[in-house]
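Naming: A, B, ... by sequence-line order, numbering from 1 per chain.
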Amino acid sequence: MEREVRVRFAPSPTGPLHIGGVRTALYNYLFARHNGGKMLLRIEDTDSNRFVPGAEEYIIESLKWLGINIDEGVGHGGDCGPYRQSERRDIYRVYVKQLLDADRAYIAFDTPEELEAARAATPNFQYDASTRMSMRNSLTMPAEDVKNLIDAGEKYVVRFKIEPGRPVVVDDLLRGKVTIMSDILDDKVLYKSADDLPTYHLANIVDDHLMRVSHVIRGEEWLPSAPLHVLLYEAFGWSDTMPSFVHLPLLLKPDGKGKLSKRDGDRLGFPVFPLEWHDPASGNISSGYRESGYLPEAVINFLALLGWNPGDDTEIMSMDELIEKFSFDHCSRSGAKFAYEKGKWFNHHYLQQLDDARLAEMFKPVLRDNGVNPDEYSDEYIARVVGLVKGRINFVRDLWEQAAFFFKTPESYDPKAVKKRWSAETPAIMTELIDRLNALDDFSSQAAEQPILDWITAKGYHMGNVMNAFRLAVVGECKGPHMFDITELLGREESIRRIQLAIERLKTDEPAV
RNA sequence: GGCGAUUUAGUGUAGUGGCCUAGCACGCCACCCUCUCACGGUGGAGACCUGGGUUCGAUUCCCAGAUUCGCUACCA
């Protein structure tokens with residue numbers, strides 16, 4: 001009864017890995033690790049028409065970035081290889097023949113055009129027991145003709161012969177026993193001679209069997225074809241070792257209806273791919289979580305909770321904690337709308353956990369993008385700036401908006417703040433402030449604050465007006481960290497220079513904006 | 001259309017035949033903190049799909065319907 005847990009993530013290299021696929025991979029990984037099992041990566045490239053160069057590398061790099069570690073598979077070794085289905089033709093041929101010999105499958109010559117015609121002629125046409133005897137296949141043609149056609153190079157497919165009239169049960173760990181009648185299944189194509197490759201269904205069953213996969217954990221879109229897979233295991237005589245199935249709920253659009261798509265990301269402004277993707281055919285670039293400033297631990301944490309919970313109110317969990325707590329007992333069965341706003345919150349949270357030096361390193365490229373050479377500042381300066389403003393960011397790039405004034409003198413002043421805080425008497429007070437700042441022995445935040453505040457009070461000035469004018473002059477708008485923390489970092493000279501500059505710029509009736 | 005799955009606040013979810021005046025988080029609002037913006041703290045608005053049935057009692061069990069999603073390819 002004790003079976004080694006072996007799960008697989010088996011994407012098609014038809015493009016960048018979708019965030020829903022990432023979650024499927026994650027759940028596979030969490031389940032495997034929780035049970036001390038193995039995680040395999042299999043590339044399902046049986047549709048040569050849809051192959052996209054670079055997709056496989058993209059998938060591998062994505063999983064690596066996210067910390068989903070593969071034990072066996074493409075790019076990771078293992079003794080059940082090859083793990084790329086296009087390299088397993090010899091294996092599939094054997095099993096196709098086995099089904100053919102056992103009369104569980106047959107050869108069909110119907111062309112796509114003929115099938116289309118049949119569908120057009122008969123509403124709800126299905127290639128199954130009710131129609132197969134009127135089609136061009138090895139069931140309706142003399143063996144001689146079949147052989148001749150094949151020898152002549154005629155393209156054909158192998159179809160699974162499904163016997164009608166029997167209930168097929170899929171035992172799903174999440175949904176219980178799902179039963180359907182075999183009648184609704186069609187005689188699925190298992191193999192195409194055109195490219196000497198099986199279709200997903202055959203390859204999937206053969207590989208899962210050969211790779212000793214114990215649990216098939218995949219998206220809900222596979223549930224309808226799971227009975228077919230059960231029948232296939234049966235036809236091969238592998239029912240005893242058939243894996244357990246788990247069909248995960250899908251990730252849905254945040255607003256409207258339907259499955260989450262790339263379009264939704266573009267429309268609502270969030271990535272649907274882990275890494276930035278450059279489409280080789282169109283040249284289009286799709287944004288990725290990594291390039292958008294998300295931390296992998298935030299993405300993992302966020303994704304894990306979209307359809308699963310630990311059974312209590314815990315929300316912040318590292319990969320190790322997720323592994324420890326994960327089980328399908330707490331998986332939901334219904335599709336989850338992709339709540340990307342919460343994803344931002346997770347990122348905010350994980351950003352706060354980072355130490356300032358590390359965050360500062362991540363900030364440097366952003367500085368460069370904004371025309372600031374970070375090498376002109378000490379690492380300590382940047383780290384201290386980051387430390388002061390990080391509480392208000394969701395992404396590393398937000399740091400620029402919050403901290404630009406630490407690197408650039410304000411070029412303009414927020415008009416609304418000017419109107420509210422910069423009155424006719426302000427320049428005189430600011431001039432006075434400059435004197436006070438010059439008089440300070442110690443310009444540190446701690447030492448400077450009290451004397452200045454005392455001065456404001458003693459003079460009977462309005463605290464808010466003076467401090468905000470001060471802030472306006474130094475920052476350019478009424479926002480940012482504690483005022484004296486700012487001036488300490490900027491230094492006395494620069495702080496005073498900015499106040500003087502503001503006095504000059506704002507003395508006319510038409511302030512610079 | 002057929003088949004299957006699904007259904008707790010705007011969103012992600014917890015939970016139970018009576019302890020539920022249905023918990024938590026994101027988002028939203030207010031207040032506090034405060035020189036500002038944030039952070040943080042406190043509080044607030046906001047949900048058991050509908051209709052039957054079972055039961056002393058149902059959000060929780062049963063049935064029906066509706067909803068939403070998926071599948072219905074020589075795509076995965």
- Query: Mapping Trp345(A) and Leu305(A) onto RNA chain B by nearest heavy atom, which one lands closer to the 5' end?
  - Reply: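 Checking each residue's closest nucleotide, the 5'-ward one belongs to Leu305(A).
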- Task: Map Asn49(A) and Gly258(A) onto RNA chain B by nearest heavy atom, then report which one ends up closer to the 5' terminus.
- Result: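 So the residue in question is Gly258(A).
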- Item | CZ-NE2 distance between Phe302(A) and His349(A), expressed to the nearest 0.5 angstrom |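 NE2 of His349(A) is found 15.0 Å from CZ of Phe302(A).
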- Task: Report the distance from atom CZ of Arg42(A) to atom CZ of Arg88(A), rounding to the nearest 0.5 Å.
- Result: 7.5 Å
Contact list (N/O, under 3.5 angstrom) for nucleotides 44-47 of chain B vs protein:
none

- For the pair Arg84(A) and Asp45(A), find out whether any cationic side-chain nitrogen is under 4.0 Å from an anionic carboxylate oxygen.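 Looking at Asp45(A) together with Arg84(A), the answer is no, because their closest N to O distance does not fall below 4.0 Å.
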Considering only atom [atom1], compute the distance from [N] to [M] and round it to an integer number of Å.
N      : M      : atom1 : result
A45(B) : A22(B) : P     : 12 Å
U6(B)  : G53(B) : C1'   : 23 Å
C32(B) : G46(B) : P     : 23 Å
A25(B) : C63(B) : C1'   : 36 Å

Contact class for [X] vs. all strands (heavy atom < 4.0 Å): base, sugar-phosphate, or nothing?
X         : result
Lys259(A) : sugar-phosphate
Gly343(A) : nothing
Val189(A) : sugar-phosphate

- Scoring nucleotides 4-11 of chain B by protein non-hydrogen atoms under 4.0 Å (B base, S sugar-phosphate only, - none) yields SSSS---S
- Message: One character per nucleotide, please: for nucleotides 28-36 of chain B, 5' to 3', B when the base has a protein heavy atom closer than 4.0 Å, S when only the sugar-phosphate does, - otherwise.
- Response: -------BB
- Item | Donor on one side chain, acceptor on other, Tyr191(A) and Asp196(A), under 3.5 Å |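 Yes.
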- Message: Distance alone, cut at 3.5 Å: any donor-acceptor contact between the side chains of Asp264(A) and Ser261(A)?
- Response: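 Per modelled atom types, Asp264(A) and Ser261(A) side chains form a pair under 3.5 Å.
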- Query: Quick one: which of C74(B), G15(B), U13(B) gets closest to the side chain of Lys192(A)?
  - Reply: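 Ranking C74(B), G15(B), U13(B) by closest atom to the Lys192(A) side chain puts C74(B) first.
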- Message: Surrounding CD of Glu87(A) (heavy atoms of other residues, nucleotides or ligands, distance under 6.0 Å), is the total greater than 12?
- Response: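 Counting other residues, nucleotides and ligands, CD of Glu87(A) exceeds 12 neighbours.
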